[in-house]
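All remarks here apply to the structure that follows.
These numbers come from a predicted model, not from an experiment. Residue numbers begin at 1 in each chain, while the letters A, B, ... track the order of the sequences.
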Amino acid sequence: MTMNTVGRVTRIAGTGAVAETYTGNRGLMLEEPLLFERGSVDRCGVDLDPVPVVQDRLAGLARSTPIGLPGLSEPETVRHYTRLSRQNYGIDLGIFPLGSCTMKHNPRLNEKMARLPGFADIHPLQPQATVQGALQLIDTLAYWLKTLTGMPEVAMSPKAGAHGELCGMLAIRAALEARGDARKVVLVPESAHGTNPATAAFCGYAVENIPANARGRVDFEALKARLGPDVAAVMITNPNTCGLFEPDLKDICDAVHAAGAFVYCDGANFNAIVGRVRPGDLGVDAMHINLHKTFSTPHGGGGPGSGPVVFSEALAPFAPLPFVRKTRDGYELVEEMQARQTPQYDRSFGRMVAFHGQMGMFVRALAYMMSHGADGLRQVAEDAVLNANYILASLKDIYTAPFADSGPCMHEALFSDDFLHDTGLTTLDLAKAMIDEGFHPMTMYFPLVVHGAMLVEPTETESKASLDQLIGAMRSIAERMLADPDAYRTSPHLAPRRRLDETAAARKPVLGWKDPVSDAA
Amino acid sequence: MTMNTVGRVTRIAGTGAVAETYTGNRGLMLEEPLLFERGSVDRCGVDLDPVPVVQDRLAGLARSTPIGLPGLSEPETVRHYTRLSRQNYGIDLGIFPLGSCTMKHNPRLNEKMARLPGFADIHPLQPQATVQGALQLIDTLAYWLKTLTGMPEVAMSPKAGAHGELCGMLAIRAALEARGDARKVVLVPESAHGTNPATAAFCGYAVENIPANARGRVDFEALKARLGPDVAAVMITNPNTCGLFEPDLKDICDAVHAAGAFVYCDGANFNAIVGRVRPGDLGVDAMHINLHKTFSTPHGGGGPGSGPVVFSEALAPFAPLPFVRKTRDGYELVEEMQARQTPQYDRSFGRMVAFHGQMGMFVRALAYMMSHGADGLRQVAEDAVLNANYILASLKDIYTAPFADSGPCMHEALFSDDFLHDTGLTTLDLAKAMIDEGFHPMTMYFPLVVHGAMLVEPTETESKASLDQLIGAMRSIAERMLADPDAYRTSPHLAPRRRLDETAAARKPVLGWKDPVSDAA
Amino acid sequence: MRYLPLTQPDREAMLGVIGAPDIDALFADVPASAYLAEPIAGLPLHSPEMQVERALSVMAGKNLTAGTVPFFVGGGAYKHHVPATVDHIIQRGEFLTAYTPYQPEIAQGTLQVLFEFQTQVARLTGMEVANASMYDGSTAMTEAVFMARRITRRAKAVVSAGVHPHYVGVLNTLTRFTDDEVVTSTPSLTAGAPGDDIADLIAGLDAQTSCVIVQNPNIFGHVADLTPLADACHAAGTLLIVVVTEAMSLGAIKSPGEMGADIVVGEGQSIGNGLNFGGPYLGLFACRDKHVRQMPGRLCGETTDADGKRGFVLTLSTREQHIRREKATSNICTNSGLCALAFSVHMTLLGEQGLRHLASLNHARAVQLAERLGRVPGVELVTTQFFNEFTLKLPVEARPVIRKLADKGVLGGISLGRLYPGVSELERGMIVAVTETATDADFDAFEDALDEVLA
Amino acid sequence: MRYLPLTQPDREAMLGVIGAPDIDALFADVPASAYLAEPIAGLPLHSPEMQVERALSVMAGKNLTAGTVPFFVGGGAYKHHVPATVDHIIQRGEFLTAYTPYQPEIAQGTLQVLFEFQTQVARLTGMEVANASMYDGSTAMTEAVFMARRITRRAKAVVSAGVHPHYVGVLNTLTRFTDDEVVTSTPSLTAGAPGDDIADLIAGLDAQTSCVIVQNPNIFGHVADLTPLADACHAAGTLLIVVVTEAMSLGAIKSPGEMGADIVVGEGQSIGNGLNFGGPYLGLFACRDKHVRQMPGRLCGETTDADGKRGFVLTLSTREQHIRREKATSNICTNSGLCALAFSVHMTLLGEQGLRHLASLNHARAVQLAERLGRVPGVELVTTQFFNEFTLKLPVEARPVIRKLADKGVLGGISLGRLYPGVSELERGMIVAVTETATDADFDAFEDALDEVLA
Ligand SMILES: Cc1ncc(COP(=O)(O)O)c(C=O)c1O
Ligand SMILES: Cc1ncc(COP(=O)(O)O)c(C=O)c1O
């Protein structure tokens with residue numbers, strides 16, 4: 001029988017019943033051992049054709065030593081992963097209000113479309129004549145993205161938001177070099193997502209921070225003061241990571257351009273303005289779009305995503321290979337060969353990935369865009385902003401809301417744990433209490449400009465009833481925490497695991513399974 | 001905040017934490033209101049083309065009054081059903097040892113094949129030339145079923161086991177009438193499944209019971225004694241519902257035939273002998289096969305199933321319409337028209353369903369059979385029997401095993417709650433304790449011939465590790481029940497619901513939602 | 001073998017625990033003469049997933065798929081667009097691989113769905129209570145006749161000429177050997193009201209009649225007001241059973257309940273379920289509260305648990321075979337649970353607003369096509385009041401016309417010759433169904449092809 | 001609109017709570033000049049699911065699907081049979097719709113999968129530790145070069161001529177603006193060992209060389225023993241980075257780890273993932289324990305919870321951008337989580353036994369086809385030691401041959417002319433990949449078509 005660590009048998013209050021079980025399971029909350037504890041190298045969940053006898057051509061390099069890959073029969077495999085899945089939360093289960101992540105509904109139509117063999121079962125290097133439909137799809141999606149952003153060009157191959165940032169910053173680099181101007185400094189607001197400075201550094205820029213003003217926006221004066229001949233670009237997020245629109249963005253763009261630099265816009269928060277504002281109208285030079293946020297492709301527990309980047313006229317010539325062009329009799333994929341042969345393509349800064357980008361995500365995103373249409377996408381932004389403001393308005397009397405006085409927010413509401421100060425409880429404790437209530441918590445401790453930040457992004461795919469339940473629970477948690485703080489220092493209690501020791505994990509990392517026997521031997 | 005009924009606030013033992021939540025959720029165990037509480041008639045989760053304006057032709061019968069069907073947006077719909085699904089147990093979660101139900105692994109290949117548009121998107125009344133592949137599939141499956149059972153004919157259209165029984169009993173009736181012999185009595189062993197007597201009664205037979213002997217088999221002497229000119233048929237289950245092979249079945253068949261009657265075999269337990277024994281070799285005249293048991297089509301929370309019936313030469317001419325025949329240039333579906341025109345078909349007793357049976361299940365079953373092949377299916381029976389005997393052998397020292405002395409069982413192990421007699425606990429209590437341990441319980445109180453029966457059918461798709469865990473838990477529960485019975489009178493405690501009041505449900509049935517407002521008005 | 005977890009060492013260890021020398025020892029009860037020593041001859045051995053997929057894909061490829069051609073076949077099975085969400089939900093392992101909810105504490109998912117389904121069906125049909133599903137519409141109809149017999153203690157059932165002939169066939173099969181008397185008649189293609197025999201049905205009512213069974217819209221697509229029939233039935237102590245083979249019609253047409261039906265049975269395939277060459281489908285069964293204890297099939301009911309929380313259970317099982325055996329209201333056990341889930345998910349997506357819209361769309365499109373085809377020379381529109389299906393009378397026999405249309409890649413409908421073999425007055429009739437899935441291009445293709453075939 | 005739950009009354013009530021007169025008030029920060037009053041022009045309005053499905057199906061229908069033709073295209077993306085179970089699992093909402101597991105108490109499913117995935121990848125590559133995935137093989141390779149620079153503090157990377165030219169292209173792009181020096185060379189079709197420059201690589205090692213990057217099997221399919229190269233690298237203080245673009249090969253060929261690699265990167269698409277026209281794919285990244293703190297990407301590690309129960313968390317995040325910002329080891333955030341799940345499920349189904357079998361099957365089939373095609377007049381088999389992919393030298397330029405084969409319904413491989421535009425020595429080369437999915441009939445069709453095209 002499983003006991004808690006102190007070895008007591010716990011009884012369920014109000015009954016004589018024992019709370020621990022022999023299996024460690026608790027009704028439908030099931031424990032699952034590791035594959036390496038369950039499987040063995042001689043088990044197998046596939047049947048295969050017999051291997052014809054041939055003289056091998058492996059250069060004497062046949063793999064002969066044991067690999068250590070356990071297998072399972074098919075029934076065991078299904079069960080292993082199904083049981084594990086049930087230890088996860090997902091949008092399909094409830095609201096997932098992770099600020100900056102735009103966890104919206106993932107339509108199953110998109111999944112179905114992405115699995116059409118005509119999209120899922122074609123090879124990236126098939127002759128172009130055999131993939132005209134795929135190229136058409138990419139071209140159509142590109143058209144939507146350009147039209148929605150009001151930008152003249154788009155690079156489709158980046159694999160995620162951060163990869164899109166890289167693409168944009170490389171294009172800026174290429175444009176600067178093309179004019180013989182090796183500027184090296186990139187200005188990044190303090191509130192920026194970590195990928196922004198990391199990206200800039202990744203392609204060789206020096207990063208400098210720009211402070212925020214008291215209203216949670218970029219300090220325009222500080223920015224202007226720093227502009228100069230060494231500044232290559234400003235990376236700015238709009239709406240920013242405090243969930244606020246940057247009202248000066250147009251002016252910032254003008255000032256940056258006047259200083260001979262470029263504006264990279266982090267478009268992770270495009271959901272707040274899609275159909276309402278075209279970033280091109282604000283003057284940005286490059287912006288990535290997370291198809292896995294605004295355009296509903298699923299996050300899959302960490303990926304894959306897709307991060308197309310739109311470009312201004314100034315950067316368009318430098319867009320990466322490959323790309324799709326509409327020709328008189330179809331669609332052409334412009335790769336190295338075509339770029340060599342075509343003068344107007346030879347300024348491309350080159351290839352960012354082995355193939356043409358995240359086709360699976362393109363199909364999903366286009367299905368989503370076509371479903372919503374221009375009218376629906378506009379409604380998306382409106383409802384996303386409405387939902388966030390409803391939460392802000394409903395909680396700001398009890399939760400500290402650092403920028404609530406400066407007006408409405410966009411698609412996410414920012415709070416902090418200041419109001420818990422006297423209890424010794426923190427944002428972390430509050431998040432864990434939400435887990436017991438059956439919610440995924442909000443984003444914690446981001447953006448860094450607010451201490452103990454809680455960033456709540458409901459998205460437009462939450463109903464009012466869902467928001468009301470979240471608001472009710474968050475109010476109730478806050479009230480209970482203020483009244484009885486000790487009851488909330490060790491949450492969660494009702495999840496598959498209690499609080500996990502992250503410090504111990506990092507101190508002596510165990511990053512893979514070690515077989516007890518073989519490793520002891 | 002949700003409280004338990006007595007209104008106390010429960011704290012989690014060993015911490016100051018409160019066990020109840022505002023939402024009623026408990027971590028990942030989520031509560032979900034009824035659709036009728038969540039949705040409303042003006043919400044909608046689909047978009048549709050606009051309706052062209054026409055002069056209607058509804059005979060003045062347009063539906064004008066409110067219907068009361070609430071809708072939900074698509075995200076809410078996905079969530080409603082996903083949350084509900086998580087309150088269910090299924091084979092994908094763990095062993096589902098319901099005796100007589102053959103809850104085996106449901107391969108996903110079968111699901112994929114059944115969804116091929118060439119099978120899923122064809123109409124039953126398309127011209128035959130446009131559905132030759134579908135007719136070929138039915139004919140191929142029929143061939144497998146006939147070959148596996150050693151019977152010359154099969155009726156494919158019955159929709160489930162009980163419907164197959166009906167089919168078989170109607171064929172017997174037709175055969176008797178064809179020889180002008182209006183016998184009306186059907187003999188059914190006490191241990192038979194309820195569908196057997198119900199079916200016999202449904203098509204106008206009088207049902208009489210045959211007792212079981214001390215070894216859990218049909219009392220052959222009693223049966224022989226009852227045979228006579230009024231007996232139309234004997235319905236017998238083999239392996240029987242105690243999980244035992246009927247060793248006298250061949251002799252029974254001979255005796256029944258000698259008395260001018262027929263033997264209907266309930267083939268629900270075919271999984272125990274598939275590939276090892278052909279029922280045709282034992283002399284039965286008709287037997288249904290639950291494709292949703294032996295051949296792995298999923299149970300779907302209650303259905304659909306499929307119950308093809310194999311026939312002996314004596315009954316073959318009476319098989320129902322429609323059926324498929326291989327012709328020189330393809331496959332023919334024999335319906336009423338063809339039957340009228342073809343003398344050898346005119347003895348069919350007629351049609352059992354509107355169309356041709358459970359095509360979706362046929363595809364799955366054939367995919368399963370082809371995957372296993374003749375060799376694999378034989379191994380299925382062996383492993384199913386081995387698994388059941390392993391459980392029997394591992395538990396019979398503590399669980400009462402009424403027939404364990406009479407030798408090995410087949411595919412299921414039968415126990416009773418006799419060993420709990422002094423504790424006042426019953427089969428029901430034991431089943432509910434298994435729920436807390438994370439298992440679906442065995443079949444309870446069936447067959448009726450054993451008091452407090454527990455019928456455990458693991459199937460061949462359970463691993464030894466899975467059986468060992470079940471056995472360990474069942475031993476542990478039994479030991480704990482004997483030691484501390486009071487702790488187990490009110491299980492389950494850890495499932496989404498505690499014990500439900502079935503008596504109250506039946507006393508004043510509430511079989512649908514009543515809108516609080518409109519019904520009060 | 002990929003579905004079998006036991007390894008050879010497992011098997012040996014387990015035999016050891018059992019104390020059996022080998023696997024054959026466990027089959028000792030099987031007579032030697034019937035115990036096979038080798039895999040059954042004539043069948044292939046096990047096969048990799050890829051090979052099975054290939055072989056079945058070849059078979060599937062030989063069929064002409066509804067979604068790829070102009071498609072107008074109905075007659076009790078309809079091609080509607082099923083949202084992708086539906087299929088996703090029914091593939092959740094917790095729904096797909098669960099059994100009948102006999103352990104309600106860990107089956108609240110299935111049970112709440114059934115409770116919601118029952119409510120949806122009751123409201124859709126305009127009745128008070130619905131069960132948790134039957135096999136299909138045809139078997140549900142037979143069960144309704146038997147239920148009427150139990151309620152009225154009369155044995156004569158009168159079937160309208162407008163009822164689907166396959167449904168009538170099923171009823172005839174099931175009553176062939178019982179004491180039930182079933183009165184049927186052959187329909188006629190009366191212009192404007194094909195198969196409408198309400199007046200005759202009323203006239204024929206007598207004190208022996210347990211029930212009258214009428215289909216609406218009927219097999220020819222014709223829609224009728226059943227209220228006078230219901231009134232007459234009730235005056236005669238007879239139950240009115242209404243059959244609905246196109247559930248979508250209930251979004252547009254007055255419900256059977258509103259017209260006075262006592263029992264409503266139907267085919268629910270149209271909502272949430274694909275064509276599937278005829279199965280699995282979804283039998284709907286609804287009636288009045290007062291008759292619930294005579295209903296066949298499973299019922300889910302509300303109750304509370306030991307903590308006082310709301311929950312659901314299967315209930316009134318004293319009607320059922322596993323409790324009542326030969327005295328049960330039916331022998332049904334396995335039903336159409338997963339199809340009911342698909343129905344319920346689709347209905348939830350639609351909601352009342354969506355259902356009404358979709359039904360109107362079906363109707364309007366059918367009106368458009370009917371009027372177009374009615375203008376094809378030599379073609380007569382026989383059904384003038386309909387939902388999404390109507391009957392045409394062609395200048396020639398319909399069966400070969402339909403085959404020729406198929407050769408041109410148009411699946412144009414069902415010939416009455418196929419449904420009523422040997423009835424020469426009907427052989428020029430053709431039933432055409434139109435749903436939201438048919439495009440204008442499909443209409444054009446159909447009209448052109450029909451023109452050509454009839455030319 | 002089906003994805004939007006708010007109704008108009010909801011919106012009004014919510015605006016009331018907010019105290020905003022209308023929705024525009026919430027967008028007050030947007031400059032009027034940029035605030036659009038109407039839906040954006042040039043885009044269609046919202047569309048029913050059925051219409052979207054139809055439009056996309058038309059596009060999909062314009063592509064020649066690998067599964068429908070004899071198919072031999074490889075070059076870093078391979079068509080293997082993916083069991084149906086894999087797709088079922090990755091569609092579980094709890095996996096599909098979860099975010100990165102930042103709240104481990106309710107993400108143990110994803111986390112345990114990652115822990116298992118990391119272990120599988122480490123063992124498969126013969127390394128000590130693997131991360132939780134990168135975008136794809138090509139970006140993983142660039143990250144490996146940057147990691148080597150951090151470890152060695154040297155800036156010169158030497159790339160073997162046998163590395164996939166697209167991978168080299170990605171590296172060149174990323175290093176174009178940094179201080180890194182990348183040494184590349186053009187391969188030659190040396191009979192028996194195309195692209196094999198190990199001797200040159202060894203000869204060229206110097207004290208500035210941070211890393212040598214070599215692909216095995218290389219782009220021409222050629223398999224080489226890397227042990228001498230590894231030894232030479234280590235003697236020079238240089239790291240050996242091995243790229244594997246066909247993960248399946250690791251079931252047949254000695255692992256890079258066994259041959260002395262310091263970092264192994266690869267494309268994991270082959271296992272569990274479809275072709276998808278190039279993405280999403282799965283970057284594999286593995287190294288030695290001692291270098292783990294210089295690794296890019298997420299890592300999942302084991303720990304315990306407050307009750308002492310084992311659990312998993314993301315760990316060592318001080319390497320990552322969200323903590324370290326411009327000092328992070330990489331800018332990667334979103335990775336290929338769901339593709340890693342698919343890989344892991346397929347690998348679990350295979351197990352070591354299945355993987356070895358499948359890899360042998362691939363190899364044997366490739367040997368069979370290589371020997372057949374090598375006998376076609378005028379065709380030379382250039383790669384003689386390979387796994388499941390080899391290069392042929394045709395008597396004529398390969399690009400048009402491949403197009404003509406496609407016209408005959410055979411997708412026969414990749415022309416080197418496409419991969420190496422302008423390198424005339426390579427233009428007659430053609431890379432052919434053979435997996436378990438190719439049948440004997442496919443072989444026949446390929447040989448016949450090639451015969452005809454070359455005739
Ligand atoms: C504001 C912001 N920028 C950039 C990113 C990086 O995007 P990705 O994770 O797709 O690389 C994120 C993702 O969380 C983000 O929230
Ligand atoms: C022994 C036996 N006979 C008959 C049946 C009835 O089969 P079905 O539920 O498919 O109608 C069952 C099903 O549980 C059974 O176990």
(request) Would you mind checking which part of C:Ala28 comes under 4.5 Å of any heavy atom in chain B, side chain (CB onward), backbone (N, CA, C, O), both or neither? (result) neither
(request) Check whether C:Arg324 gets within reach of chain B through its side chain, its backbone, both or neither, counting any heavy atom under 4.5 Å. (result) neither
(request) Would you please classify the geometry between the B:Tyr89 ring and the B:Phe96 ring as parallel, tilted or perpendicular, with 30° and 60° separating the classes? (result) perpendicular
(message) Please classify the contact of B:Pro66 with chain C as side chain, backbone, both or neither, using a heavy-atom distance under 4.5 Å.
(response) both
(request) Tell me, out of B:Leu48, B:Val277, B:Val46, who's got the most heavy-atom pairs with chain C below 4.5 Å. (result) B:Leu48
(request) Could you look at B:Leu170 and say if it's the side chain, the backbone, both or neither that has a heavy atom under 4.5 Å from chain C? (result) both
(request) Give, as side chain, backbone, both or neither, the part of B:Pro52 having an atom under 4.5 angstrom from any heavy atom of chain C. (result) both
(request) Counting only heavy atoms closer than 4.5 Å, note whether B:Leu125 contacts chain C via side chain, backbone, both or neither. (result) both
(request) Kindly indicate whether the side chain of B:His440, heavy atoms from C-beta on, has any atom under 4.5 Å from the side chain of C:Gln103. (result) yes
(request) Using non-hydrogen atoms and a 4.5 Å limit, figure out which bit of B:Ile122 sits close to chain C: side chain, backbone, both or neither. (result) both
(message) Counting heavy-atom pairs closer than 4.5 Å to chain B, which one of C:Arg365, C:Arg403, C:Gln368 comes out on top?
(response) C:Gln368
(message) For the backbone of C:Gly337 and the side chain of C:Asn335, can you confirm whether one donor and one acceptor N or O come within less than 3.5 Å of each other?
(response) yes
(message) Between B:Arg340 and B:Glu336, does any side-chain N to carboxylate O distance fall below 4.0 Å?
(response) no
(message) Given heavy-atom pairs under 4.5 angstrom as the criterion, report whether the side chain, backbone, both or neither of B:Met113 touches chain C.
(response) side chain
(request) Identify which part of B:Glu111 has an atom lying under 4.5 Å from any heavy atom of chain C, answering side chain, backbone, both or neither. (result) side chain
(message) So for C:His357, is it side chain, backbone, both, or neither that comes closer than 4.5 Å to the heavy atoms of chain B?
(response) both
(message) Quick check on the interface: out of B:Gly133, B:Ala62, B:Gly90, who has the most heavy-atom pairs with chain C under 4.5 Å?
(response) B:Gly133
(message) Less than 4.5 Å to any heavy atom of chain B: does that hold for the side chain of C:Ala20, its backbone, both, or neither?
(response) neither
(message) Is any side-chain heavy atom of C:Tyr135 closer than 4.5 Å to one of B:His163?
(response) yes
(request) Can you tell which part of B:Leu34 gets under 4.5 Å to a heavy atom of chain C, answering side chain, backbone, both or neither? (result) both
(request) Check each atom of C:Phe177 against the heavy atoms of chain B and say whether the ones under 4.5 Å are side chain, backbone, both or neither. (result) both
(message) Does any backbone or side-chain atom of C:Ile90 lie under 4.5 Å from a heavy atom of chain B? Answer side chain, backbone, both or neither.
(response) side chain
(request) Select one option (side chain, backbone, both, neither) describing which atoms of B:Asn106 are under 4.5 Å from chain C's heavy atoms. (result) side chain
(request) Determine yes or no for a side-chain-to-main-chain donor-acceptor pair under 3.5 angstrom, with C:Thr110 supplying the side chain and C:Ala107 the backbone. (result) no
(request) Against chain C, label B:Glu165 side chain, backbone, both or neither, depending on which of its atoms sit under 4.5 Å from a heavy atom there. (result) neither
(request) Would you check if the side chain of C:Glu326 reaches a backbone N or O of B:Pro197 as a donor-acceptor pair within less than 3.5 Å? (result) no
(message) Is C:Ser133 in contact with chain B via its backbone, its side chain, both, or neither, using a 4.5 Å heavy-atom distance?
(response) neither
(message) Taking every non-hydrogen pair under 4.5 Å, which of B:Pro496, B:Pro70, B:Ala495, B:Pro107 racks up the most with chain C?
(response) B:Pro107
(request) Pick one of side chain, backbone, both or neither for C:Leu124, based on which atoms fall under 4.5 Å of a heavy atom in chain B. (result) both
(request) Look only at the side chain of B:Asp121 and the backbone of C:Gly67, and say whether a donor-acceptor pair between them is shorter than 3.5 Å. (result) yes
(request) Please state whether the side chain, the backbone, both or neither of C:Thr85 comes within less than 4.5 Å of a heavy atom of chain B. (result) side chain
(message) Given 3.5 Å as the limit, does a donor-acceptor pair link the side chain of B:Glu382 with the main chain of C:Ile23, or not?
(response) no
(message) Check the orientation of C:His363 and C:Phe387. Use parallel for under 30°, tilted for 30 to 60°, and perpendicular for over 60°.
(response) parallel
(message) Which atoms of B:Gln136 are under 4.5 Å from chain C, going by heavy atoms: the side chain, the backbone, both sets, or neither?
(response) both
(request) Please flag which part of B:Leu244 lies under 4.5 Å from any non-hydrogen atom of chain C: side chain, backbone, both or neither. (result) neither
(message) I'd like to know if the side chain of B:His299 reaches the main chain of C:Thr100, judged simply by a donor and an acceptor atom lying under 3.5 Å from each other, with no hydrogens or angles considered.
(response) no
(message) For C:Glu267, which atoms come within 4.5 Å of any heavy atom of chain B: side chain, backbone, both, or neither?
(response) neither
(request) Decide salt bridge (charged side-chain N to carboxylate O under 4.0 Å, His left out) for B:Asp383 and C:Arg11; before the verdict, give the C-alpha distance in whole Å, the side-chain angles of both, and the deciding distance to 0.1 Å. (result) CA-CA 8 Å; B:Asp383 286 359; C:Arg11 292 186 182 110; 2.7 Å; yes
(message) Could you go through C:Glu258 and B:Arg63, starting from their C-alpha distance and side-chain angles, then the distance that decides it, and tell me whether this counts as salt bridge (charged side-chain N to carboxylate O under 4.0 Å, His left out)?
(response) CA-CA 9 Å; C:Glu258 290 174 285; B:Arg63 192 163 189 174; 3.6 Å; yes
(request) Please tell me if the side chains of C:Asp136 and B:Lys159 come closer than 4.5 Å, counting only heavy atoms from C-beta onward. (result) yes
(message) Whether the side chain of C:Thr119 engages the backbone of B:Trp513 through a donor-acceptor N/O pair (distance < 3.5 Å, no angle test) should be reported.
(response) yes
(message) Hydrogens and angles aside, do B:Thr82 and C:Arg92 bring a side-chain donor and acceptor to less than 3.5 Å of each other?
(response) no
(request) Give, as side chain, backbone, both or neither, the part of C:Ile414 having an atom under 4.5 angstrom from any heavy atom of chain B. (result) side chain
(message) Does any backbone or side-chain atom of C:Ala25 lie under 4.5 Å from a heavy atom of chain B? Answer side chain, backbone, both or neither.
(response) backbone
(message) At a heavy-atom distance under 4.5 Å, which candidate from C:Ala130, C:Ala13, C:Ser255 has the highest pair count against chain B?
(response) C:Ser255
(message) Please check this pair: side chain of C:Gln118 against backbone of C:Cys300, looking for a donor-acceptor N/O pair closer than 3.5 Å.
(response) yes
(request) Tell me, for B:Val54 versus chain C, whether the close heavy atoms (under 4.5 Å) come from the side chain, the backbone, both or neither. (result) side chain
(message) Counting heavy-atom pairs closer than 4.5 Å to chain C, which one of B:Gly303, B:Gly350, B:Gly373 comes out on top?
(response) B:Gly303
(request) With the side chain counted from C-beta on, respond yes when B:Met359 and B:Leu137 share a heavy-atom pair under 4.5 Å apart, and no when they do not. (result) yes
(request) Determine yes or no for a side-chain-to-main-chain donor-acceptor pair under 3.5 angstrom, with B:His356 supplying the side chain and B:Pro124 the backbone. (result) yes
(request) Name the region of C:Leu411, side chain, backbone, both or neither, that has any atom closer than 4.5 Å to a heavy atom of chain B. (result) side chain
(message) Using heavy-atom distances under 4.5 Å, tell me whether C:Leu26 contacts chain B through its side chain, its backbone, both, or neither.
(response) both
(message) Check whether C:Thr173 reaches the backbone of B:Arg351 with its side chain - one donor and one acceptor, N or O, closer than 3.5 Å.
(response) yes
(message) I'd like to verify something: which residue of B:Gly118, B:Gly71, B:Ala129, B:Gly161 has the highest number of heavy-atom pairs under 4.5 Å with chain C?
(response) B:Gly118
(message) For B:His193, which atoms come within 4.5 Å of any heavy atom of chain C: side chain, backbone, both, or neither?
(response) both
(request) Among B:Ile273, B:Thr147, B:Asp281, single out the residue with the greatest number of heavy-atom pairs under 4.5 Å to chain C. (result) B:Thr147
